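Step one of this worksheet: look at the structure below.
So you know, we letter chains A, B, ... as the sequences are listed, proteins then strands, and number each from 1. Here the structure is a predicted model, which is why all the values come from computation and not from measurement.
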Amino acid sequence: MDIEIKKILLDFKAYADKEVIVKGWVRNNRAQKEFGFIDLNDGTAFESVQVVYEDKELENFKDVAKYNSGSAVSVKGRVVLTPKMKQAFEIKADQVILEGSSLEDYAIQPKRHTREFLRENAHFRPRTNLFNAVFRVRSVISYAVHKFFQERNFIYLHSPIITASDAEGAGEMFQVTTLGQTKVEEGHKNDFFGKKSNLSVSGQLQAEAFALAFKNVYTFGPTFRAEKSNTPRHASEFWMIEPEIAFADLNDDMQLAEDMVKYIIKDLFEQCPSELAFFNKFVEKGLIDKLKNVLDSSFKRITHKEATDILLKNNDQFVIKAVEGEDLATEHEKFLTKHFNGPVFVTDWPKGIKAFYMRMNDDLETVAAMDLLVPGAGELIGGSQREERLDMLEKRMEEMHVDGEELWWYKELRKYGGNKHAGYGLGLDRMIMYVTGVDNIRDVIPFPRTPKNCEF
RNA sequence: GCCUCAAUAGCUCAGCUGGUCAGAGCACAUGACUGUUAAUCAUGGGGUCCUAGGUUCAAAUCCUAGUUGAGGCGCCA
């Protein structure tokens, strides 16, 4: 039976002098006259294992010496402890079988590649150190998200991916249709759903319905935005986590968000120490200290007004000047995260720049909204307390030209057992950027979709 | 969508104000090497200089358009 390299790594002393079979891909092969070394990675662990092969042990030594990078091989051999060497142990091969050859023009070489080049080779890039680490972290974080919520009795809700509502208020949508283009222009009466439908930009409205039945719920799934955003922080298809909590206000919401971010980071330190060490060394110097600092401190909480006051005092530094009561520009967000040296919640935003469903504050000028800003990834979380007062909600919908008829059910939630509730959306991909230091969202999504790019 | 920059060997790049400018390192192939670990050393093969026009005696180099990629801004998670 073959064994995963991860299992050997976790307890290599127990495998000393034992025979094992490992199967994986050749990362590097250094052949000499009578012996050679293969760095073998089977994907189960970040680390590769060194396989030693000798002419006197193998019939096919000359062939093995030519197995180049990317080849798939099966190795039968003995685990040998090598305490004085760079690696703690290696596998002394009795048999090396070629499972799948690799050609000499294999794109991934044992050397540095640019991120751009690897993006164009998205089918091979998981075989590199960086992407092996990034995508394992992505998997571990996804599981941690579920653990966090399940441990707290949250219900996992699969909100619909296709919706007919265009009132979600979160940007441009991809249209879903079974009609040809000419028919689309005639209208959607004969379309599949009998009305115009789109890929969802948020599961929040549906999550509210479930929160008002299960108390605490979360969604975790893909989200689609057809905005022609061309930045390192935007993708057309990304994954979002949207908890929604009943009988809760904005402070409860922020507490949940902070606990969740810390839980994920703590879990990552336990599950992925090798990966974090790698990121710390090669991707973002000081990453580990940054993350430890997040665990040890409370997130700053300031109002939008307080944030603006800080910016106004430093306004000479900005290309786009800060203005009282207006939205924050990217450079303002960067300044604030640098100023506080860590994650910061900005709360109580001017009503004019936020969505209709956010709860009006007593001043009638601001709403109970919060954004969590972090260095590098920008806006990691956006959330709010929801407007539970029907009259106020209807007024806001009217002011913001939201079609209330479509959202009849959303309004009914306020009439029957409605109560104060809150929620937020966390961009999984941005979270991964934040904890790995990888500064482009296209490099934390397996096969990223961005405007004009749907390859693979 | 707006602005800026880039494209030369499989990869990373050098190539100056047009004139031996088709180059290096890595990769690959062959050989050497009894412990390498991005091994080392020697030799060798490898190019539509992104595409299409234009200027010129002469264009990788200058001009125009396009394609692709990257960065900044806006939108947001």
Side-chain angles (χ1 to χ4, degrees), chain A residues 27-40 47-56 65-66 68-70 80 82 84-87 90 92 102-121 124 128-129 168-172 201-204 222-242 257 282 318-320 327-334 353-355 371-374 377-383 424-434 439-445 450-453 455:
Chain A
R27 283 285 183 85
N28 194 2
N29 187 0
R30 299 176 295 278
Q32 301 190 38
K33 192 180 186 182
E34 290 169 356
F35 58 89
F37 305 93
I38 287 174
D39 293 337
L40 188 74
E47 293 87 354
S48 297
V49 162
Q50 174 159 285
V51 173
V52 189
Y53 56 96
E54 295 186 59
D55 195 6
K56 62 182 181 192
K66 288 180 184 177
N68 43 24
S69 301
V80 176
T82 52
K84 287 181 183 163
M85 308 293 244
K86 195 170 167 182
Q87 69 287 346
E90 59 194 19
K92 208 138 198 170
S102 180
L103 302 176
E104 63 196 47
D105 59 353
Y106 180 51
I108 310 295
Q109 302 158 16
K111 60 169 276 188
R112 275 198 61 166
H113 296 284
T114 58
R115 307 273 171 85
E116 291 82 1
F117 173 75
L118 292 169
R119 249 170 249 158
E120 288 166 8
N121 291 278
F124 288 142
T128 65
N129 282 334
E168 288 164 358
E172 295 294 309
V201 293
S202 166
Q204 180 206 314
T223 302
F224 307 91
R225 305 262 167 102
E227 271 146 16
K228 286 177 182 158
S229 299
N230 222 330
T231 83
R233 299 178 304 283
H234 292 84
S236 311
E237 180 182 311
F238 61 99
W239 283 60
M240 193 154 65
I241 295 141
E242 295 180 288
F282 294 110
F318 303 124
V319 176
I320 300 172
D327 207 352
L328 302 183
T330 299
E331 59 177 326
H332 302 150
E333 293 178 357
K334 284 178 181 167
I353 56 177
K354 287 291 180 183
D371 282 2
L372 180 67
L373 309 177
V374 299
E379 188 185 334
L380 182 64
I381 288 175
Y424 62 82
L426 173 133
L428 172 71
D429 319 273
R430 287 188 180 173
M431 183 72 193
I432 297 164
M433 292 169 72
Y434 181 58
D439 55 11
N440 195 314
I441 200 166
R442 300 164 185 124
D443 296 328
V444 300
I445 296 176
T450 52
K452 296 264 190 271
N453 186 355
E455 197 65 31

Could you tell me the separation between the [atom1] atom of [X] and the [atom2] atom of [N], rounded to a whole number of Å?
| X | N | atom1 | atom2 | result |
| --- | --- | --- | --- | --- |
| A/Asn121 | B/A27 | CG | C1' | 14 Å |
| A/Lys354 | B/A77 | NZ | P | 7 Å |
| A/Ile38 | B/G35 | CD1 | C1' | 15 Å |
| A/Glu116 | B/A7 | CD | P | 13 Å |
| A/Asn230 | B/U68 | CG | C1' | 12 Å |
| A/Phe117 | B/C13 | CZ | P | 12 Å |
| A/Glu34 | B/G35 | CD | P | 10 Å |
| A/Arg233 | B/A77 | CZ | P | 13 Å |

I'd like to know if the side chain of [X] reaches the main chain of [Y], judged simply by a donor and an acceptor atom lying under 3.5 Å from each other, with no hydrogens or angles considered.
| X | Y | result |
| --- | --- | --- |
| A/Arg119 | A/Asp443 | no |
| A/Asp371 | A/Leu373 | no |
| A/Thr231 | A/Arg233 | yes |

What is the base-pairing partner of [N], counting Watson-Crick and G-U wobble geometry with both distances under 3.5 Å?
| N | answer |
| --- | --- |
| B/A58 | none |
| B/G53 | B/C63 |
| B/G71 | B/C3 |
| B/G31 | B/C41 |
| B/A24 | B/U12 |
| B/U36 | none |
| B/G47 | none |
| B/C76 | none |

According to a strict under-4.0 Å criterion, is [X] in side-chain N/O contact with OP1 or OP2 of [N]?
| X | N | answer |
| --- | --- | --- |
| A/Thr114 | B/U12 | yes |
| A/Asn440 | B/G71 | yes |
| A/Lys111 | B/C26 | no |
| A/Thr330 | B/G74 | yes |
| A/Lys228 | B/C73 | no |
| A/Arg27 | B/A38 | no |
| A/Lys33 | B/U40 | no |

Which atoms form the tightest heavy-atom contact between [X] and [Y], and what is the distance?
| X | Y | value |
| --- | --- | --- |
| A/Ile381 | A/Ala257 | CD1-CB, 3.9 Å |
| A/Phe124 | A/Ala107 | CD1-CB, 4.2 Å |
| A/Trp239 | A/Asp429 | N-OD2, 2.9 Å |
| A/Thr450 | A/Ser236 | CA-OG, 3.4 Å |

Distance between the [atom1] atoms of [N] and [M], in whole angstroms?
| N | M | atom1 | value |
| --- | --- | --- | --- |
| B/G19 | B/A38 | C1' | 40 Å |
| B/G54 | B/A70 | P | 32 Å |
| B/A14 | B/U8 | P | 10 Å |
| B/G66 | B/C28 | C1' | 35 Å |
| B/A52 | B/C11 | C1' | 28 Å |
| B/C49 | B/A59 | C1' | 11 Å |
| B/U55 | B/U64 | P | 15 Å |
| B/U51 | B/G45 | P | 25 Å |

Using a 4.0 Å heavy-atom cut-off across all strands, classify [X] as base, sugar-phosphate, or nothing.
| X | value |
| --- | --- |
| A/Ile241 | nothing |
| A/Leu428 | nothing |
| A/Met431 | nothing |
| A/Gln87 | base |
| A/Arg115 | nothing |
| A/Arg112 | base |

Looking at [X] and [N], is any side-chain donor or acceptor paired with a base atom of the opposite kind under 3.5 Å?
| X | N | value |
| --- | --- | --- |
| A/Gln109 | B/G10 | yes |
| A/Arg30 | B/C33 | no |
| A/Lys92 | B/G35 | yes |
| A/Gln50 | B/U36 | yes |
| A/His234 | B/C76 | yes |
| A/Arg225 | B/A77 | yes |
| A/Glu90 | B/G35 | yes |

- Could you check whether A/Phe37 and the base of B/G35 form a stacked pair, meaning centres closer than 5.5 Å and planes differing by less than 30°? no
Taking only the side-chain heavy atoms of [X] (C-beta and beyond), determine which of [options] contains the nearest atom.
| X | options | result |
| --- | --- | --- |
| A/Glu379 | B/U12, B/A77, B/G74 | B/A77 |
| A/Asn453 | B/C11, B/G35, B/G69 | B/G69 |
| A/Phe238 | B/A77, B/U36, B/C75 | B/A77 |
| A/Ser229 | B/C75, B/U34, B/A77 | B/C75 |
| A/Asn68 | B/A29, B/G35, B/C76 | B/A29 |
| A/Val52 | B/G35, B/C75, B/C73 | B/G35 |

Salt bridge present between [X] and [Y] (N-O < 4.0 angstrom):
| X | Y | result |
| --- | --- | --- |
| A/Glu379 | A/Arg430 | no |
| A/Glu227 | A/Arg225 | no |
| A/Asp55 | A/Lys33 | no |

- Task: Find which nucleotide of RNA chain B each of A/Ala107 and A/Asn29 is nearest to by heavy atoms, and output the residue with the more 5' nucleotide.
- Result: A/Ala107
- Item | RNA chain B: 5'-proximal contact among A/Asp429 and A/Lys66 (nearest heavy atom) | A/Lys66
